Amino acid sequence: MLGPAVAKPTPYVPLDNLNVIINKIGNGAKSSGKETWVENLTGLSEKCNDKFFCKSFAILKKPENHRQGEEVILRNLKAYIVGTRANCTEKPERGNTAQEHDDKEPISHLWSKILKCARQVNLRPATAPTPEAQPPVDQPSA
C-alpha cells in the first residue's frame with residue numbers, strides 16, 4: 001500500500017528555472033553577432049526583484065531582441081516568473097520619452113544583469129515557504 005508521501009505532488013520550485021538560466025548564460029549561451037541595444041535596467045537590477053525579471057523577459061521576448069539558441073533561457077525565465085506569481089502587469093510610468101530612448105545599453109549588459117540577479121536570488125533564503133515546502137511535523141527539521 002502506498003503511503004501519503006507518495007500520493008502528495010512535489011511542489012514546483014521556480015529556483016530550478018534560475019539554475020538553468022545560470023548554466024546557459026554562464027556557459028556563453030548569450031546573443032552573438034551584431035550587438036542589439038535595449039532599455040537600461042540598471043536601476044531594477046540593483047534589487048533583483050520581480051519587476052526586473054518581468055521587464056527583462058518583456059525585452060528579450062521581442063523578435064528584434066530574440067536570437068536563435070535563447071529559447072531555453074526565455075522558457076525558463078517565463079517559468080520562473082509564473083512559478084513565483086510575479087505581477088508583470090504593471091504599466092510603465094509616463095515620463096519624458098526622450099530620456100527613455102537615450103537610456104540604452106548593449107543586450108550583453110542585460111544578459112550579465114540577468115545572470116547576476118539569478119545567482120543572487122538563488123542564494124536568498126526563502127522568505128515565506130509554502131506549507132508543502134516545510135518539513136513534516138513528525139520529523140525534526142535540519
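These numbers were taken from a predicted model, which means no experiment stands behind them.
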Q: Would you mind telling me which of Leu44, Leu74, Leu110 makes a side chain to side chain contact (heavy atoms under 4.5 Å, CB included) with Ser56?
A: Leu110

Q: Kindly write out the residues that satisfy salt bridge (charged side-chain N to carboxylate O under 4.0 Å, His left out) with Glu46, not counting sequence neighbours, or none if the list is empty.
A: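 Here no residue qualifies.
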
(Q) Is there a path of hydrophobic side-chain contacts, each under 4.5 Å between heavy atoms, that joins Leu15 and Ile21? (A)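 Same cluster.
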
Note, [X] side chain near [Y] side chain (heavy atom, < 4.5 Å):
X	Y	answer
Ile73	Ile25	yes
Asn23	Val20	no
Val121	Tyr80	yes

(Q) Nearest 0.5 Å, please: how far is SG in Cys88 from CG in Asp50? (A) 7.0 Å

**Q.** Spatial distance of atom CG (Leu77) from atom SG (Cys54) [nearest 0.5 Å]
**A.**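 Going from the CG atom of Leu77 to the SG atom of Cys54 covers 8.5 Å.
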
**Q.** Enclosure of Gln68 CD (heavy-atom neighbours >12, cutoff 6.0 Å)
**A.** no

(Q) Looking at every non-hydrogen atom in both residues, tell me the closest pair between Gly26 and Leu115 and how far apart they are. (A) N-CD1, 4.3 Å

Q.
Looking at every non-hydrogen atom in both residues, tell me the closest pair between Thr89 and Asn87 and how far apart they are.
A.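 The pair with the smallest heavy-atom distance is OG1-OD1, 2.6 Å.
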
Not counting sequence neighbours, which residues clear side-chain contact (heavy atoms from CB on, under 4.5 Å) with [X]? List them please.
X	answer
Lys78	Phe57, Val82
Asn40	Thr42, Asp103, Glu105, Lys113
Lys116	Cys48, Gln120

Q.
My understanding is that only residues two or more places apart in sequence, or in another chain, count here; which of them pass side chain to side chain donor-acceptor pair (under 3.5 Å) with Thr36?
A. Arg67

**Q.** Pairing residues for Asn19 by the side chain to side chain donor-acceptor pair (under 3.5 Å) criterion, not counting sequence neighbours
**A.**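 With neighbours one apart ignored, the set is Asn122.
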
Q. Checking side-chain contact (heavy atoms from CB on, under 4.5 Å) for the pair Glu70/Trp111: CA distance, chi angles, key distance, verdict?
A. CA-CA 11 Å; Glu70 298 171 353; Trp111 285 115; 3.4 Å; yes

Q: Kindly indicate, with the supporting measurements, whether the criterion side-chain contact (heavy atoms from CB on, under 4.5 Å) is fulfilled by Phe52 and Leu41.
A: CA-CA 7 Å; Phe52 170 75; Leu41 298 185; 4.1 Å; yes

Q: Using the side-chain contact (heavy atoms from CB on, under 4.5 Å) rule, take Glu71 and Arg75 through it: C-alpha gap first, then chi angles, then the decisive distance, then the call.
A: CA-CA 6 Å; Glu71 296 86 4; Arg75 275 196 313 267; 3.8 Å; yes

Q | Stepwise side-chain contact (heavy atoms from CB on, under 4.5 Å) check, Val38 with Lys104 | A | CA-CA 5 Å; Val38 297; Lys104 300 278 186 181; 5.8 Å; no

